[in-house]
There are 2 protein chains.
Amino acid sequence: MFDIFLRKLRSHSMLTTEDQRLLASLPHQMRRLSPNDYILREGDQATQCPILLSGIAFRQKHVADGGRQIVSVKLPGDPLDFQSLYLATADHSLQALTAVDLAVLPLAALEQLVAARSNIARSVLVDILVEASIGREWQLNIGRRNALERLAHFLCEFDYRMRLTVRGLDEAIEIPMTQEQLADLLGLTPVHINRTVKTLVERGALSRHGRRVRIADIACLHRIAGFSPRYLHSGAGG
Amino acid sequence: MFDIFLRKLRSHSMLTTEDQRLLASLPHQMRRLSPNDYILREGDQATQCPILLSGIAFRQKHVADGGRQIVSVKLPGDPLDFQSLYLATADHSLQALTAVDLAVLPLAALEQLVAARSNIARSVLVDILVEASIGREWQLNIGRRNALERLAHFLCEFDYRMRLTVRGLDEAIEIPMTQEQLADLLGLTPVHINRTVKTLVERGALSRHGRRVRIADIACLHRIAGFSPRYLHSGAGG
DNA sequence: CGATGTGTTGAGCAAAATCAATGGGTGTGG
DNA sequence: CCACACCCATTGATTTTGCTCAACACATCG
């Protein structure tokens, strides 16, 4: 059940069998949330560390006048809040995008394990650093690419990261976000996302199945976005 | 000489006198670089950790067609590459913006100290996390604020962070970036930055002294930007 | 004193936002 | 099983923000 979490850590860090056994035997509690449920709110003092076992979640921040920016998307296997091991108050909110299954670990237990096993400490750190690297790529994406490239780039990353941890994804990946969420992700408006999706469908990069949209031609998306996965640091060992 | 570095770490983490003594007695080499000199290039394998003692540096990333985005600005006292303790290859470049003085530490020595002193390990982590938090705020800034708010917000952060570590800043802070650099920082064009600066001067938030621009009314900037420093996590202790 | 890099300004343009209306699924409750 | 409500997607018309292009000014430095 923790398998997907261990697979995520192993995608960037070396862990011994013993490390993995210790991680898998951490005390925890299972929780299922519905779309849009909050996992953590800005200003909260977390005492637990949720791990995302299935479904998708995201981090978001707001500006005074109500606009929001989704600053990170978390996929199955991703730890959701290693940050609270070290920072007292949350600087952003964390919310479920789809229905999600979480394994919730007490911070204290995780802290002990991190103190005892340097491999695990390192994997926590690398996970934090990879997320920061993704954030920088998003800065570049939002700041310097036009709408078409921006959407294409995000979808390349989504596809790449999904295939890193989720098993049995031979077929085309379906995009689970609403167009409004994509807009908040990319610093655009929903209307413009709608038109940009349409263009990507016309170019054959995406395909429609009723209201659902799938990635039809990942190579085409890569070409449009100028995608290169270096920033994801996914060669095991960091 | 390391004082400013220790002050930076103490701005977010608790360090004992002994921790500070150990940090200050790390082996190191002084280096002075000129504006635009590279400190680290994307793809490099770092073996040293530079600490910025004076001057300003920045991280940047490029898109295929030549556009660049400055994804982080580093101020006196900031460690420049803790990341290389844990990740093999750099995912961005690091460059001097002004003339800079660096203390360059061998990674191995720093690694040993981090392994030996949990306080220091924690301060390294918190420093990494605070930078990530700043990155998220920049995502929000670039994605959801207009040019005026965006520039104002960046300048608020610049002022705030400068006062955190640099001594003797009673007077108004001067903006050391060219308008082109500000453009690459904020996802705008130099021409538009020029007009936006003009507006901030008209509103009394900035003042001109020849070609130099200073922050004249920080409260006014705060108002325009809707600035709140929570994301900087600068209460000592994280 | 000329070269260069940076700042400034104007005119026109393009990308994306805004406003507004419509349509289509889905799910719920009568 | 149908009707309604709601959310989301879609489309068109119009406006706005910021970009592009181009010329020029000014300061600094060799």
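Reminder, nothing fancy here: chain letters follow the sequence lines and each chain counts from 1. Keep in mind that what you see is a predicted model, and the values were worked out from it rather than measured.
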Novice: Salt bridge (Lys or Arg N to Asp or Glu O under 4.0 Å): which pairs involve residues 35-50 of chain B, sequence neighbours left out?
Specialist: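 Residue pairs with at least one partner in residues 35-50 of chain B: A/Arg230-B/Glu42.
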Novice: Would you list the pairs meeting side-chain hydrogen bond (donor to acceptor under 3.5 Å, both in side chains) in which at least one residue belongs to residues 191-201 of chain A, sequence neighbours left out?
Specialist: A/Gln179-A/Asn194
Novice: For nucleotides 5-12 of chain C, list the nitrogen or oxygen atoms of the protein found under 3.5 Å from its nitrogen or oxygen atoms, one pair per line.
Specialist:
residue, atom, partner, partner atom, Å
C/dT6, O2, B/Arg211, NH2, 3.4
C/dG7, OP2, B/Gln179, N, 2.9
C/dT8, OP1, B/Arg208, NH2, 3.0
C/dT8, OP2, B/Gln179, NE2, 2.9
C/dT8, OP2, B/Asn194, ND2, 2.8
C/dT8, OP2, B/Arg208, NH2, 3.2
C/dT8, O5', B/Asn194, ND2, 3.3
C/dT9, OP2, B/Lys198, NZ, 3.2
C/dG10, N7, B/Arg195, NH2, 2.4

Novice: Send over the distance from B/Ile193 CD1 to D/dT20 C1', rounded to a whole Å.
Specialist: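 Nearest whole value for this atom pair: 16 Å.
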Novice: Might you list the N or O atoms of the protein lying below 3.5 Å from N or O atoms in nucleotides 14-16 of chain C, with each pair's distance?
Specialist:
residue, atom, partner, partner atom, Å
C/dA16, OP1, A/Ala147, N, 2.9
C/dA16, OP2, A/His192, NE2, 3.4
C/dA16, O5', A/His192, NE2, 3.4

Novice: Excluding sequence neighbours, so at least two apart, what forms salt bridge (Lys or Arg N to Asp or Glu O under 4.0 Å) with B/Arg211?
Specialist: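 Listed in chain order: nothing, the list is empty.
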Novice: For the atom pair CG (A/Leu185) and CE (A/Met177), what is the distance rounded to the nearest 0.5 Å?
Specialist: 6.5 Å
Novice: With sequence neighbours left out, which residue pairs that include part of residues 68-80 of chain B fulfil the side-chain hydrogen bond (donor to acceptor under 3.5 Å, both in side chains) condition?
Specialist: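 For residues 68-80 of chain B, and leaving out neighbouring residues, the side-chain hydrogen bond (donor to acceptor under 3.5 Å, both in side chains) pairs sorted by first residue read B/Lys8-B/Asp78, B/Gln60-B/Arg68, B/Arg68-B/Asp184, B/Ser72-B/Glu131, B/Lys74-B/Glu131, B/Asp78-B/Arg161.
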Novice: Under the salt bridge (Lys or Arg N to Asp or Glu O under 4.0 Å) rule, collect the residues that match up with B/Arg150, sequence neighbours excluded.
Specialist: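 Partners of B/Arg150 under the salt bridge (Lys or Arg N to Asp or Glu O under 4.0 Å) test: none.
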Novice: Suppose the criterion is salt bridge (Lys or Arg N to Asp or Glu O under 4.0 Å): which pairs have a residue in residues 87-101 of chain B, not counting sequence neighbours?
Specialist: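 Found A/Arg136-B/Asp91, B/Arg32-B/Asp101.
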Novice: Quick one: list whatever passes side-chain contact (heavy atoms from CB on, under 4.5 Å) with A/Pro35, sequence neighbours left out.
Specialist: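 A/Pro35 satisfies side-chain contact (heavy atoms from CB on, under 4.5 Å) with A/Ala99 only.
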Novice: Name all residues meeting the salt bridge (Lys or Arg N to Asp or Glu O under 4.0 Å) criterion together with B/Glu174; count only those two or more places apart in sequence or in a different chain, and write none if there are none.
Specialist: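 B/Arg212, B/Arg214.
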Novice: If I take atom CG in residue B/Leu151 and atom P in nucleotide D/dG18, what distance separates them, rounded to the nearest angstrom?
Specialist: 12 Å
Novice: For B/His209 and D/dA27, give me the distance from atom NE2 to atom C1', rounded to whole Å.
Specialist: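 Whole-Å distance recorded here is 17 Å.
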Novice: Describe, as an angle rounded to 10 degrees, how the axis at the first end of the helix from C/dC1-D/dG30 to C/dG30-D/dC1 is tilted relative to the axis at the last end, five pairs per end.
Specialist: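 Answer for the end axes of this duplex: 30°.
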Novice: In chain order, what residues pass the salt bridge (Lys or Arg N to Asp or Glu O under 4.0 Å) check against A/Arg163, with sequence neighbours excluded?
Specialist: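 Counting only residues at least two positions away or on another chain, A/Arg163 forms a salt bridge (Lys or Arg N to Asp or Glu O under 4.0 Å) with A/Asp159.
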